[in-house]
K.L.:
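Quick one: the structure is below, and I'll ask about it shortly.
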There are 2 protein chains.
Amino acid sequence: MSGTDPVCTAPSAGPQPSASCTGTVSHTLAWVARLHRIAMGRRLRDLGLYPGQELMMMRLWDCGAVRQSELIQSLGLDPSTVTKMLQRMEQCGYVRRSPDPADRRAVLVAATEEGLALRAGVENAWADLEQSTLAGLAPAERAELARLLGLVGENLAKEAGEDACAPGPGALC
Amino acid sequence: MSGTDPVCTAPSAGPQPSASCTGTVSHTLAWVARLHRIAMGRRLRDLGLYPGQELMMMRLWDCGAVRQSELIQSLGLDPSTVTKMLQRMEQCGYVRRSPDPADRRAVLVAATEEGLALRAGVENAWADLEQSTLAGLAPAERAELARLLGLVGENLAKEAGEDACAPGPGALC
DNA sequence: CCCGATTAGTTGGCCGACCACATATTCATG
DNA sequence: CATGAATATGTGGTCGGCCAACTAATCGGG
């Protein structure tokens, strides 16, 4: 790493040399991701969900009754995160949890009627956000963005171990 | 278990909007951002910082003594988030907070010696992550990714109101 | 000059997310 | 068949982050 990366110092002719290193892709990525999360959060709040819970529900809508460990792996989250999230969502009436008769350690999770009722709203919110996000981008640009993000994701997944979720393979499902 | 779950039933052709099936840019973006945050978190932990604190420190390194409200605006965070973060960072010895003599409501924040000592490590971590993130991407691809992310960011910033952080204006100190 | 509106910061509560640790249950092997 | 490894889940704690409600100080009119 003798890289001599003039990280910040660079008085680059770029558009925004604002505070220390604002020119990096990393910064922009973090910034965009936060805006995206906030935007999704607004849409979800009207539905009675918190950011992150919609992914859980999507998995449940697709798979019916699932073991909690499956959710943990498919969402790439920490087990404790899933446990607590499900406890809250159960208390809100969106999911039902029951012991797995085949494995007394495991817990089976399924969406309730109320949970199913959210599906249309969430899918609509998701599509709406996607559209708003990509407004003004040509199809080719959208494809390129998706491709580049995928490459970056692989880089990061490689470095961070091999956990995390898998957007592409969609093995099951 | 029994393979072939036609879960994502739609064998349909084309861009099935079936929300759950992970094809959207939004999904990929959220996924990549999470990996990115985790990767940065690892690097920061070795330095004694938590994710998000490095942005605060960067601002302080650049601006010297700043009013808290300035930090709030430049980082685009909630006031309470900044208050609590600074309280912890002060207790860790990275920053010092003092009342502004010119405005008895305001608080001036500045990095301590210990805080300044982190600068090299953070910049190095940031550069290292940037490199790891963009590994395998040609310069043109990196530029294109930055451009597209910028466009997406503008879209989201527009919709989310006028707050959020601004990599652009860089009104800076 | 006084009183309302704006600004600056704090506290409490809640959620997502992580880690470290603890528990129950199944599995694999000797 | 017993025993240790692996699995599935839960607890407690900490952080970043948001919202809502509150205090304190400054600013603007009337």
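The sequence lines fix the lettering, A, B, ..., with proteins before strands; numbering per chain opens at 1.
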K.L.:
Reading nucleotides 13-22 of chain D from the 5' end, what letters show protein touch, with B for base, S for backbone sugar-phosphate only, - for no heavy atom under 4.0 Å?
P.N.:
B-SSBBB---
K.L.:
Between A/Q87 and D/dT9, is there a contact of a side-chain N or O with OP1 or OP2 at under 4.0 Å?
P.N.:
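Indeed not, no polar side-chain atom of A/Q87 lies that close.
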K.L.:
By a strict heavy-atom criterion of less than 4.0 Å, which residues belonging to residues 103-110 of chain A are in contact with DNA chain C?
P.N.:
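Under 4.0 Å from DNA chain C: A/D103, A/R104, A/R105.
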K.L.:
Would you say B/W61 ends up clustered with B/V66 if hydrophobic residues are merged whenever their side chains have heavy atoms under 4.5 Å apart, either directly or through other cluster members?
P.N.:
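In one cluster with B/V66: B/W61, yes.
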K.L.:
Whole Å only: how far is the CG atom of B/D100 from the C1' atom of D/dA25?
P.N.:
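Rounded to the whole Å, the gap is 12 Å.
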K.L.:
Would you classify B/S69 as touching base, sugar-phosphate or nothing, given that sugar-phosphate means primed atoms plus P, OP1 and OP2, and contacts are heavy atoms under 4.0 Å?
P.N.:
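Sugar-phosphate, backbone atoms only, no base.
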K.L.:
I need the CD1-C1' distance between A/I72 and C/dC18, as an integer number of Å.
P.N.:
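Value for this atom pair: 13 Å.
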K.L.:
Is A/Q68 close enough to D/dG10 that one of its side-chain N or O atoms is under 4.0 Å from OP1 or OP2 there?
P.N.:
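A/Q68 to D/dG10 OP1/OP2: side-chain N or O found under 4.0 Å.
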K.L.:
Only pairs at least two apart or in different chains count here, so list each salt bridge (Lys or Arg N to Asp or Glu O under 4.0 Å) that has a residue in residues 81-97 of chain B.
P.N.:
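The answer is B/E90-B/R97.
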K.L.:
Could you work out, with side chain to side chain contact (heavy atoms under 4.5 Å, CB included) as the rule, every residue matching A/S69, not counting sequence neighbours?
P.N.:
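A/R67.
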K.L.:
Starting at CG of B/L86 and ending at P of C/dG9, how long is that distance when rounded to a whole Å?
P.N.:
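Taking CG of B/L86 and P of C/dG9, I get 10 Å after rounding.
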K.L.:
Check each of B/M57, B/E114, B/Q87, B/M56 against B/V95 using the side chain to side chain contact (heavy atoms under 4.5 Å, CB included) test, and report the only one that passes.
P.N.:
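Among B/M57, B/E114, B/Q87, B/M56, the one meeting side chain to side chain contact (heavy atoms under 4.5 Å, CB included) with B/V95 is B/M57.
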K.L.:
So does B/T83 get a side-chain nitrogen or oxygen closer than 4.0 Å to the phosphate oxygens (OP1/OP2) of C/dT10?
P.N.:
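Answer is yes, contact under 4.0 Å.
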K.L.:
Measure CG/A/L44 against P/C/dG16 and give the value in whole Å, please.
P.N.:
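From A/L44 CG to C/dG16 P: 11 Å.
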K.L.:
Specify the separation, in whole Å, of atom CG of A/L75 and atom P of C/dC18.
P.N.:
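Checked: the CG to P distance equals 11 Å.
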K.L.:
List for me each residue that meets salt bridge (Lys or Arg N to Asp or Glu O under 4.0 Å) alongside B/E154, sequence neighbours excluded, and say none if there are none.
P.N.:
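Partners of B/E154 under the salt bridge (Lys or Arg N to Asp or Glu O under 4.0 Å) test: none.
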K.L.:
Quick one: sort the B/H36 and B/W126 rings into parallel, tilted or perpendicular, breaks at 30° and 60°.
P.N.:
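Aromatic pair B/H36/B/W126 classed perpendicular.
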K.L.:
Ignoring hydrogens and geometry, is there a side-chain-to-backbone donor-acceptor pair from B/T28 to A/A146 under 3.5 Å?
P.N.:
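Here the side-chain-to-backbone pair does not exist.
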K.L.:
So, does A/W31 use its side chain to make a donor-acceptor pair with the main chain of A/S26 at under 3.5 Å?
P.N.:
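Pair absent, no side-chain N/O of A/W31 close to backbone of A/S26.
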K.L.:
Quick one: A/E70 CD to D/dT7 C1', roughly how many Å, whole number?
P.N.:
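Roughly 14 Å, once rounded to whole Å.
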K.L.:
Holding to side chain to side chain contact (heavy atoms under 4.5 Å, CB included), I want the full list of residues that pass it with B/D78, two or more places apart in sequence or in another chain.
P.N.:
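Per chain and number, B/D78 pairs via side chain to side chain contact (heavy atoms under 4.5 Å, CB included) with B/S80, B/T81.
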